There are 2 protein chains.
Amino acid sequence: MTTDQTKPAGGLREQRKARTRRAIQEHALRLFLTKGYDETTVEEIAAAAGVSHMTFFRYFPTKEAVVENDDYDPLIAELVRNRPAGESPLTALHAALRTGLDAVLATDRDAVYTRTRLVVTNPALRARQWRNTATTQSLLAQALADREQRPVDLRLRVIAAAATAALITALTTWVDGEGTEDLRTLVDQAFAALGAGPST
Amino acid sequence: MTTDQTKPAGGLREQRKARTRRAIQEHALRLFLTKGYDETTVEEIAAAAGVSHMTFFRYFPTKEAVVENDDYDPLIAELVRNRPAGESPLTALHAALRTGLDAVLATDRDAVYTRTRLVVTNPALRARQWRNTATTQSLLAQALADREQRPVDLRLRVIAAAATAALITALTTWVDGEGTEDLRTLVDQAFAALGAGPST
DNA sequence: GGACAAGTGTTAGTCACTAACAAGTGTTAG
DNA sequence: CTAACACTTGTTAGTGACTAACACTTGTCC
C-alpha cells in the first residue's frame, strides 16, 4: 500500500498541484522568517504564491500546518518495530530516534534547524506541535506494543510519552543554544536522563 | 483559601468583579458541557452571563482560558521544594504530585474530572493545555534545581518533562476509562513505568 | 473535439479577538 | 453630602483565520 503510483501519475494537473503546494510552502516559510509568523497573513502568503487565500486553505488546513513536517512519525514507528526484541522499550525508542535523526540531519540539517526554531519560538506553532505530539505518542506506543506482540497499556504509553518529551526537550535546548550544540549528543543526554531513572 | 484581605478588600467593586467572573466561568462550563465547546460562541457565554463579549475578554484572555485551572503549578512547585534532599528528582516529583493530587481530589473530584474530560476530548483545549505544559515543566525543573541548590540543566528539564508527560498520560487514561479507575493508582503506575527505566 | 471532472477565484459570511471612545457607577476627598 | 476621580462596562468598528456556495476555467478521457 501507499506508493500511490496507480492514480496520480505524472499528469499535468498533478505537476501543477505539486508546484503550487511547494510555492505556497516556500513563500510562507520565507515570509515567516523575515516578517515573523504572527505578522504574516494568509492573504500575503497566497498573494506571494500567486493564488487566492481559498487555494491556500485547499492545500493546507490551517496557517500552522504549512510549517509541519509530517511523514516523520510513520518512519520512526517503522524503525521502532524493527528494533531487536531484546531491547527495552526505552532503548528501542532511543535507538530508532537516533537512526532517524542521523538520516535527517545528514541531508536537511539547516532546514530542520530553521523550522524547529520557528516552532519552538512561536506559541501558536508550539501548541500545534504539542497537539500533534499526542498522535506521535500513540503511534510510538503502538509500535512498541507490536514489537513485543502485546496490547498497548499504560506503561507503554508512558514510556512513549516520556521519550517524546525527552526529544522535545533536546530540540528546545538545541534551539536555545542557537544550534551550536550537536543535536544527537543532546538527544543522547536526554535519554540518559530518562534511563537513569530515579537514581542520582 | 488565601482570603486576600490585604489589597482587594471587601469593596463593592471587588465583590461585583468576583461575581461576574464566576458567572462567566459557570455559564461557560455549563454551555460547553451541554452544547459542546466548539458549538458555543463567546457571544453566547457573555449573553448568558449578562455581559458583553468585551467584558468576557477583559476577564479571560481567550475562550480557552475559561477552562483552565491555573494556581496548581505554583502549589506543586512548592511541594517539590519541600521534599527531602535525599530523594531522587523523579521520586520527589512523584511524591509532590501525589500530595497535591490527594488534596485536590478529596474536595473537587467531580469538578476536576469534568474539566479534565473537557480538555482531553477537545483538540483546541488540549493544545492549549500542552502549551501551558511548557510553563509547568520550567517551574518543576526550577523547583528541582532549587531543591538541590544547583542550576537547571538538561537532565532536570528532561525529568520534569517526563514527569509531566506521565501525569498527562495518567489523566488521559482516567478519562478514557470514564473516571471509573482511581486516578491516584494510575499516577502511581505511570511513575512506576518511568522509574523502571530501561528495564523490562 | 466535446463532455466531464478537477482546481480555482470571488463573494459573503462566521467567529475569536482588539482598539477607541463614550457612558455609567463605586470610591473618596473636601 | 457632593463633586471630582478612577474604574468598569457597552458600543462600534475593524482584523484575521477559516468556511460555504457558485461560477469559471482548464486538464483529461473517450
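Because only heavy atoms are used, hydrogens play no part in the values below, and waters and symmetry mates are left out as well, while side chains stay in. Source: prediction; values computed, not measured.
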Could you tell me how far apart [X] ([atom1]) and [N] ([atom2]) are, to the nearest whole angstrom?
X	N	atom1	atom2	value
A/Arg19	C/dG7	CZ	C1'	14 Å
A/Gln15	C/dA6	CD	P	18 Å
A/Lys35	D/dG16	NZ	C1'	13 Å
B/Asn122	C/dA16	CG	C1'	14 Å
A/Phe56	C/dG9	CZ	C1'	16 Å
B/Phe60	C/dT18	CZ	P	15 Å
A/Phe32	D/dG16	CZ	P	14 Å
A/Glu39	D/dA17	CD	P	11 Å

State the [atom1]-[atom2] distance between [X] and [Y], to the nearest 0.5 angstrom.
X	Y	atom1	atom2	result
B/Arg98	B/Leu79	CZ	CG	13.0 Å
A/Asp73	A/Asn132	CG	CG	8.0 Å
A/Leu183	A/Leu171	CG	CG	5.5 Å

Polar side-chain atom of A/Ser138 near backbone of A/Ala134 as donor-acceptor pair, under 3.5 Å: yes

Donor-acceptor contact present, side-chain B/Trp174 to main-chain B/Leu186, <3.5 Å: no

SB check A/Lys35 A/Glu44 (cutoff 4.0 Å): yes

Short side-chain N/O contact to C/dC17 OP1/OP2 from B/Lys63, under 4.0 Å: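 No.
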
A/Tyr59, nearest nucleotide to its side chain (from D/dG10, C/dC15, C/dT8): C/dT8

Donor on one side chain, acceptor on other, B/Thr91 and B/Ser88, under 3.5 Å: yes

Cation-pi geometry met for A/Lys63 and A/Phe56 (6.0 Å, 45°):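 Relative to the ring axis of A/Phe56, which defines the angle, A/Lys63 lies outside at least one limit.
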
Pair assignment for DNA chain C - dot-bracket with | for other-strand partners, Watson-Crick or G-U under 3.5 Å: ||||||||||||||||||||||||||||||

Under 4.0 Å protein heavy-atom contact, by nucleotide of nucleotides 19-30 of chain D - B base, S sugar-phosphate only: BB-----BBS--

CD (B/Glu39) with more than 12 external heavy atoms under 6.0 Å: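 Atom CD in B/Glu39 is crowded, with more than 12 foreign heavy atoms closer than 6.0 Å.
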
Sugar-phosphate, base or nothing in reach of B/Ser52, heavy atoms under 4.0 Å: base

